[in-house]
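Right, one structure below, let's go through it.
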Amino acid sequence: MSQQGVTPQSEDFARWYTDVVQKADLADYSPVRGCMIIKPYGYELWEGVKAGLDRRFKATGHQNAYFPLFIPESFLKREAEHVEGFSPELAVVTIGGGKELEEPLVVRPTSETIIGWAFQKWIQSHRDLPLLINQWANVVRWELRTRLFLRTMEFLWQEGHTAHATHEEAEAETLQMLGVYEDFAVNDAAIPVIPGRKSDQERFAGAVFSYSIEAMMRDRKALQAGTSHDLGQNFARAFDIRYTDENNELQYCWTTSWGLSTRMVGAIVMTHGDDKGLRLPPRLAPIQVVVVPIYRTAEEQGPVMDAVNRVSTALREAGLRVHVDARANLSPGFKFNDWEMRGVPLRVEIGPKDVANHTVALARRDIAGREGKQFVPQAGLVETVRALLDDIQASLLRQATEFRDQHLHEVRSYAELVEVVDDEWALAWFCGGAACEAKIKDETQATSRCFPLKQPHPGESGPCVVCGQPAREMAYFAKAY
RNA sequence: CGGGGUGUGGCGCAGUUGGCUAGCGCGCUGCGUUUGGGACGCAGAGGCCCGCGGUUCAAGUCCGCGCACCCCGACCA
């Protein structure tokens, strides 16, 4: 009978994900392989992400700008490691206006080079620093295996690019923005993340140090949800970004870049979702409260709709995002399931009994079944709903944190690591060497996720879990998206 | 790029040893009855059976060649 549900997570997590993304109307496939259409409901979720980040970027002194989609091919080649990293996944325009171009144009896979070129023009003196720029844009990377939101050939993101007078300032910026991502993920998206430094193998092409926030999905795989890079002077030297210091001497700038993409939408889906579908954190949910009217007869309809309108207006005026589901041809039961699948945090039901009793029924999405349902007075509903939404936000973060902590294990031997990493995350002493990392990857498919900034045993050291050489830091290992 | 699979109304599928007007479920349209956890009746609409070429009295079905997509192994926010 019920063919409208999604494949249960326990049965097939990958299918659950594609089911829920499509059935909840977040996104659709496109006629171009590997690209996606972001539907209004999915785009509103992304707009929530944008708003939360943009506010934080402005608060830390950054300004938005826009740089071109097309980048001269030669720009990419100026930074050796950068080209090498990106050339396999570039889309290149060779014909324009029916004529072969003198120099091919690369469709940006990221904008360090073209922004570096602009920075070189804009910066002359230490008085021009720091230069703190962000852009919201689409980028293209030619991917073979794609999945909606997680990896598509074209995706939306923001990329911050900054230039500083000293390495200390650039480092501080890199870590500050990692902190901004962490704050957003934890407080707005209710996703507990681990901020850390990437190993050399996992570093961004052209960076000195890369940092990331790592999140655990419900299938226990890791997802890099945002990255921040200390670019040293690599791009400053490649693009001649120099300034005159207080002593009238020419110095190369120190630059950073940091990005977070529509992948975050996938992270939200896979962190909170359950067998019934999405569960969206109230701060980001496009619809925070859905109101479902219930009535039998035309006589009941009038009073019920009056109450529905009164309640929904009051909630809207309180600044909440409210939707009234007045679809006449569908039963309430269908609507309950439909909105649960779409992840709306709180449902208000209003029927004849509620009209008579001056109550409404409230059902919270984070607690399944009858336990999540309660009848409350219409008087003071705005406050009740506000408090509940806060509680749901906190509850989702708590559930996700508990889930993650259950599946994190500190390991002392390679054998233990191999066993843990098959299905969970391992924390181990790690020298960071390429050979050690390659061995783990070959034998387990897991990679190092990061050296957490908050080390579990600060000041101590231990033998690398692979080679046994002394290691000063521990790293997380897991299979990753 | 190597191995496996699938192409039939919007979606999911069936279609016998080739045979008559190509079916089923969901969805869609109209009307009526319904509505507190996935309602029902009646009447409708919707198909170049992936493409091309063959075999045959006859092809969704058999043969050949393409094309597309999906799943699994090397790189990536």
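Below, read A as the first sequence line, B as the second, and so on, with proteins coming before strands; counting in each chain starts at 1.
- A:Asn234 contributes a side-chain N or O that, together with a main-chain N or O of A:Gly206, makes up a donor-acceptor pair within less than 3.5 Å.
- Residue contacts for A:Leu260: at a heavy-atom cut-off of 4.0 Å it reaches no nucleic acid atom on any strand shown.
- Across B:rG36 and B:rG23, the matching C1' atoms stand 39 Å from one another, rounded to whole Å.
- Using N1 to N3 plus N6-O4 or O6-N4 for Watson-Crick, or N1-O2 and O6-N3 for G-U wobble, each under 3.5 Å, B:rC28 pairs with B:rG44.
- Comparing B:rC63 with B:rG7, their P atoms are spaced 14 Å from each other, to the whole Å.
- Using a 4.0 Å heavy-atom distance criterion, A:Gln224 is classed as a sugar-phosphate-only contact.
- Within the 4.5 Å cutoff, the side chain of A:Leu362 has no heavy atoms near those of the A:Phe375 side chain.
- Rounded to the nearest Å, the gap between the P atom of B:rC71 and that of B:rG46 is 34 Å.
- Nucleotide B:rA59 has no partner under the Watson-Crick or G-U criteria, as no pair reaches both atom distances under 3.5 Å.
- Nucleotide B:rA68 has B:rU6 as its partner under the Watson-Crick or G-U criteria, with both atom distances under 3.5 Å.
- Across B:rG4 and B:rU8, the matching C1' atoms stand 22 Å from one another, rounded to whole Å.
- Judged by a 6.0 Å distance limit and a 45° cone about the ring axis, A:Arg218 is positioned over the six-membered ring of A:Phe403.
- Cation-pi geometry between A:Arg141 and A:Trp157 is met: under 6.0 angstrom from the ring centre, within 45 degrees of the axis.
- Checking B:rG37, B:rA77, B:rC76 against every side-chain atom of A:Phe336, the shortest atom distance belongs to B:rG37.
- Taking atom P on both B:rG27 and B:rG38, the two are 15 Å apart, rounded to the nearest angstrom.
- Residue contacts for A:Tyr181: at a heavy-atom cut-off of 4.0 Å it reaches no nucleic acid atom on any strand shown.
- Comparing B:rC75, B:rA39, B:rG37 against the side chain of A:Phe334 picks out B:rA39 as the nearest.
- To the nearest whole angstrom, the two P atoms, one in B:rG2 and one in B:rG66, are 14 Å apart.
- We find that CD of A:Glu143 is positioned 13 Å from P of B:rC75, with the value rounded to whole Å.
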